[in-house]
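Note that the numbering runs from 1 along the sequence shown for the chain. Since the model is a prediction, treat every value here as computed from it, not as a measurement.
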Amino acid sequence: MTQTDTPSSHAARQKWMSILARASAEELSAALAALPHLPEAEILRAPETGLVMVRGRAGGDGDAFNLGEMTVTRCALRLGAHIGHAYVAGRDHAKARLAALLDAALQDSALYPACMQAVIEPLAAAQQEARAAEARKAAATRVDFFTMATMR
């Protein structure tokens, strides 16, 4: 996140929501424990599970087609004057509630710095490291066909 990102920035919210959606419920719970006590949240829409249609495009720019259905869980709650929303893959109601709670907390300018430092930045770093480890693992299996052709 850059210095120009603020709690009211649409781009900043997209970034933190993607980080929260990729984190596990255990990671979110542990990160939430590092924060100062948050006020009680009012549940607007209790976590509920449903299906969404996943769409794809042939070649990235072709006509859209229905790829299949995906299970998602959504939740909405109010924390003070801010409303937090979450849509997470799967059936994890606890994860959806925690992500919605953190979304609402991150919208509060008083809680934003602490939430960024205790929750979003560590989760983003861990997710980036996991992506890098996966890339290193995939790179280790890469075959250079030009080298194989000259080995005969």
ask   = Where do Q107 and I83 land on the side-chain contact (heavy atoms from CB on, under 4.5 Å) test, with the steps shown first?
value = CA-CA 8 Å; Q107 293 176 58; I83 297 176; 5.7 Å; no

query = Would D108 and L79 count as a side-chain contact (heavy atoms from CB on, under 4.5 Å) if you check the C-alpha gap in whole Å, the side-chain angles of each, and the deciding distance to 0.1 Å?
reply = CA-CA 9 Å; D108 186 338; L79 185 67; over 6 Å; no

inquiry  = Applying a strict under-4.5 Å side-chain criterion to I, L, V, M, F, W and Y, I'd like to know whether I19 and L32 cluster together.
reply    = yes

ask   = What residues, two or more places apart in sequence or in another chain, satisfy side-chain hydrogen bond (donor to acceptor under 3.5 Å, both in side chains) together with S29?
value = none

Smallest separation among heavy atoms of A100 and C75, with atom names = CB-O, 3.9 Å

ask   = Do you reckon L44 sits in the same ILVMFWY cluster as Y87, going by side-chain contacts under 4.5 Å, direct or chained?
value = no

query = Closest approach of Q117 and P122, non-hydrogen atoms and distance?
reply = O-CD, 3.3 Å

ask   = Of all heavy-atom pairs between V88 and A96, which one has the smallest distance, and what is that distance?
value = CG2-CB, 3.9 Å

note = Closest non-hydrogen atoms of L77 and A104, given as atom of the first, atom of the second and distance, are CD1-CB, 4.2 Å

ask   = Should the heavy atoms of other residues, nucleotides or ligands under 6.0 Å from CD of E40 be counted, would the total exceed 12?
value = no

query = Between V72 and M53, is there a shared hydrophobic cluster once you connect ILVMFWY residues whose side-chain heavy atoms come closer than 4.5 Å?
reply = no

inquiry  = Could you go through L20 and V119, starting from their C-alpha distance and side-chain angles, then the distance that decides it, and tell me whether this counts as side-chain contact (heavy atoms from CB on, under 4.5 Å)?
reply    = CA-CA 9 Å; L20 293 174; V119 179; 4.3 Å; yes

pair R97-L101: side-chain heavy atoms closer than 4.5 Å = yes

inquiry  = Quick check for you: to the nearest 0.5 Å, what is the distance between M116 atom CE and L123 atom CG?
reply    = 10.5 Å

query = Is T71 close to L51 at the side-chain level, that is, under 4.5 Å between some pair of heavy atoms?
reply = yes

key: Listed partners of R142 passing side-chain hydrogen bond (donor to acceptor under 3.5 Å, both in side chains), at least two apart   = none

query = Does T73 use its side chain to pair, donor to acceptor, with the backbone of T49 at less than 3.5 Å?
reply = no

Salt bridge (charged side-chain N to carboxylate O under 4.0 Å, His left out) partners for E48, two or more places apart = R45, R74

key: Test log, rule side-chain contact (heavy atoms from CB on, under 4.5 Å), inputs L35 and L102   = CA-CA 10 Å; L35 289 176; L102 287 165; 3.9 Å; yes

message = Once rounded to the nearest 0.5 Å, what's the spacing between atom CZ of R13 and atom CG of D103?
response = 4.0 Å

inquiry  = Under 4.0 Å between a side-chain nitrogen and a carboxylate oxygen: does that hold for K95 and E27?
reply    = no

request  = For residues M17 and L106, determine if any side-chain heavy atom of one lies less than 4.5 Å from a side-chain heavy atom of the other.
outcome  = no

Co-membership, hydrophobic cluster, residues L111 and L28, 4.5 Å side-chain = yes

request  = Hey, could you give me the CZ/CG distance between R57 and D63, rounded to the nearest 0.5 Å?
outcome  = 7.5 Å

Over all atoms of both residues, closest heavy-atom pair of A25 and D92 = CB-OD2, 3.4 Å

request  = Can you establish whether the number of heavy atoms outside R131 located under 6.0 Å from its atom CZ is more than 12?
outcome  = yes

inquiry  = Would you say CG of N66 has more than 12 non-hydrogen atoms from neighbouring residues, nucleotides or ligands within 6.0 angstrom?
reply    = yes

